[in-house]
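Each chain gets a letter, A, B and so on, in the order the sequences are listed, and its residues count up from 1.
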2 protein chains.
Amino acid sequence: MTVGCTIGQLAKAVGVNIQTVRYYERRRLLGPSARRPSGYRIYGEDEEQRLRFIKNAQALGFTLQEIAELFKLSVTSTARCGDVQRRAQAKLTHVEAKVRDLQALARALRSLIRDCRAGQPTDRCPILKSLQASVTRTSRSAQRQK
Amino acid sequence: MTVGCTIGQLAKAVGVNIQTVRYYERRRLLGPSARRPSGYRIYGEDEEQRLRFIKNAQALGFTLQEIAELFKLSVTSTARCGDVQRRAQAKLTHVEAKVRDLQALARALRSLIRDCRAGQPTDRCPILKSLQASVTRTSRSAQRQK
DNA sequence: CTTGACTCAGTACCGTGGTACAGGGTGTAG
DNA sequence: CTACACCCTGTACCACGGTACTGAGTCAAG
């Protein structure tokens with residue numbers, strides 16, 4: 001079982017560019033389990049899993065740097081699950097804040113679109129007039145037009 | 001009022017590197033309202049407002065490219081309000097999609113964190129185990145779009 | 001044995017979003 | 001008038017996450 005596959009087979013199995021696999025190797029994220037005498041990389045089940053891990057973690061918003069740290073945690077025997085949990089929590093907090101901000105922006109856009117009477121020249125368009133102020137809620141002072 | 005400030009004063013006021021302001025100028029995002037005879041850039045309230053807008057929009061996950069498009073809405077004098085409305089709607093759709101992606105991401109992170117018993121060694125950590133399995137049942141494009 | 005697909009190492013290049021010089025000119029306070 | 005901080009243009013460089021190209025070697029089918 002698990003005779004081992006080439007880099008091309010691995011890449012295809014996970015849906016990744018071959019160059020990307022080699023790039024991850026340079027980043028010390030994923031190496032072949034062995035090499036053939038010819039130098040060909042050999043990958044097994046573990047490596048495929050690891051590659052999927054990388055892709056999944058990326059989809060969750062982790063950078064390659066952070067993923068490398070996650071790997072370091074799972075290798076270090078002294079590390080506890082709590083370390084991983086904390087990192088995930090930090091990432092979650094960041095994501096939640098981003099969601100709130102985007103929802104505020106969406107609300108602003110929706111109300112602007114609702115107020116807009118199509119057909120007027122842009123210099124009377126209520127969307128444009130309030131575009132800057134709506135997002136820049138930090139500075140209250142400038143409401144004048146140019 | 002609005003005597004106009006130099007690039008250094010503008011940068012400091014908004015908390016941005018001077019080089020960054022000039023970079024935005026190259027990207028046609030933000031130009032000085034005028035120049036002194038010596039060539040010194042002069043910025044007013046509007047420009048400061050615009051710079052804050054850029055920073056806020058960036059914090060919301062918009063690329064400089066997208067921010068430029070937002071600005072184009074307010075610059076095109078031939079455009080009609082309906083035009084603007086349509087593009088704002090497109091932007092809103094984009095924002096809403098992003099919100100959904102991030103919410104899915106947050107849900108995934110939350111469920112991972114919830115399942116995690118903080119005292120366990122990392123080789124039993126459910127977060128790490130889940131990352132190895134398939135977490136990808138939700139969005140593909142949480143981070144990298146465009 | 002040949003052919004074609006695959007792999008190797010090394011290097012260059014891409015877009016994004018900046019940041020850092022270099023070698024000048026300018027503005028102003030003392 | 002002289003410092004000294006600031007500004008100018010231009011170009012180079014950085015990290016990130018890849019992607020592409022080159023020229024050579026390898027593998028398996030026919």
Side-chain angles (χ1 to χ4, degrees), chain A residues 3-44 47 50-71 91 94, chain B residues 3-44 47 50-71 98 140-146:
Chain A
V3 183
C5 64
T6 66
I7 192 171
Q9 289 162 343
L10 174 71
K12 193 169 182 185
V14 182
V16 164
N17 194 308
I18 288 181
Q19 318 289 344
T20 303
V21 177
R22 290 204 267 252
Y23 173 67
Y24 291 165
E25 191 173 338
R26 280 204 298 285
R27 294 284 306 255
R28 296 160 162 274
L29 281 170
L30 174 72
S33 55
R35 294 265 190 162
R36 285 204 214 166
S38 63
Y40 278 31
R41 292 168 179 83
I42 301 172
Y43 300 94
E47 285 71 39
R50 201 176 166 94
L51 182 52
R52 287 188 200 281
F53 181 107
I54 294 169
K55 282 296 156 192
N56 287 329
Q58 264 188 323
L60 289 184
F62 288 94
T63 65
L64 293 183
Q65 170 75 47
E66 290 167 330
I67 293 167
E69 282 162 23
L70 286 178
F71 282 140
K91 192 55 71 179
H94 186 82
Chain B
V3 183
C5 65
T6 67
I7 192 171
Q9 288 162 343
L10 173 71
K12 193 169 182 184
V14 181
V16 164
N17 195 309
I18 288 181
Q19 317 290 343
T20 303
V21 177
R22 289 204 268 251
Y23 173 67
Y24 291 164
E25 190 173 338
R26 281 205 298 285
R27 295 285 305 254
R28 296 160 163 275
L29 281 169
L30 174 71
S33 56
R35 296 264 190 161
R36 287 203 214 167
S38 62
Y40 278 31
R41 292 167 178 85
I42 301 171
Y43 300 94
E47 284 72 39
R50 200 175 165 95
L51 182 52
R52 287 188 200 282
F53 181 101
I54 294 170
K55 282 296 156 191
N56 286 327
Q58 261 188 324
L60 293 184
F62 286 95
T63 65
L64 293 183
Q65 171 74 49
E66 289 169 331
I67 294 167
E69 280 162 24
L70 286 176
F71 283 139
K98 207 159 191 169
R140 269 278 99 201
S141 59
Q143 282 295 94
R144 306 194 56 79
Q145 298 131 323
K146 173 104 200 183

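- If B:Arg35 and A:Tyr24 are placed on DNA chain D by their nearest nucleotide, the residue sitting closer to the 5' end is B:Arg35.
- Under the 3.5 Å distance criterion, the side-chain polar atoms of B:Arg50 are matched with a main-chain donor or acceptor of B:Leu29.
- Closest approach to the A:Thr20 side chain among D:dG18, C:dT26, D:dC7 is made by D:dG18 (side chain taken as heavy atoms from C-beta onward).
- For A:Gln9 and C:dT7, the CD to C1' distance is 12 Å, given to the nearest whole Å.
- Side-chain nitrogen and oxygen atoms of A:Lys55 include none within less than 4.0 Å of the OP1 or OP2 phosphate oxygen of D:dG17.
- Judged by closest nucleotide on DNA chain D, A:Tyr23 is the one of A:Arg36 and A:Tyr23 placed further toward the 5' end.
- One atom, CD of B:Glu66, and another, P of C:dG17, lie 9 Å apart when rounded to the nearest Å.
- Among the heavy atoms of the strands lying under 4.0 Å from B:Arg26 is at least one base atom, whether or not backbone atoms are also near.
- Taking the charged nitrogens against the carboxylate oxygens, A:Lys91 and A:Glu69 have no contact shorter than 4.0 Å, which rules out a salt bridge.
- Open room surrounds CZ on B:Arg28; 12 or fewer heavy atoms of other groups in view lie less than 6.0 Å from it.
- Across all strands shown, A:Arg27 has heavy atoms under 4.0 Å from sugar-phosphate atoms exclusively, and none from any base.
- Atom CZ of B:Arg22 is separated from atom C1' of D:dA12 by 15 Å (rounded to the nearest Å).
- Of the candidates D:dG18, D:dC7, C:dG17, D:dC7 carries the atom nearest the B:Ile18 side chain, counting heavy atoms from C-beta on.
- Atoms CZ (A:Arg41) and P (D:dG25) sit 17 Å apart, rounded to a whole Å.
- Between the CD1 atom of A:Ile54 and the P atom of D:dC16 there is a distance of 16 Å, given to the nearest Å.
- Residue B:Asn17 places its side chain closer to C:dT19 than to any other of C:dT19, C:dC6, C:dT26.
- Screening B:Leu30, B:Thr20, B:Asn56 against B:Leu51 for a side chain to side chain contact (heavy atoms under 4.5 Å, CB included) leaves a single residue, B:Leu30.
- Straight-line distance from the CZ atom of B:Arg28 to the C1' atom of C:dG17: 18 Å, rounded to whole Å.
- A donor and an acceptor atom, one from each side chain of B:Lys55 and B:Gln58, are located under 3.5 Å apart.
- Distance B:Ile42 CD1 to D:dC6 C1': 15 Å, rounded to the nearest Å.
- The base of C:dC6 sits with one of its N or O atoms less than 3.5 Å from a complementary donor or acceptor on the side chain of A:Tyr40.
- Regarding B:Ile7, its CD1 atom lies at a distance of 17 Å from the P atom of C:dT26, rounded to whole Å.
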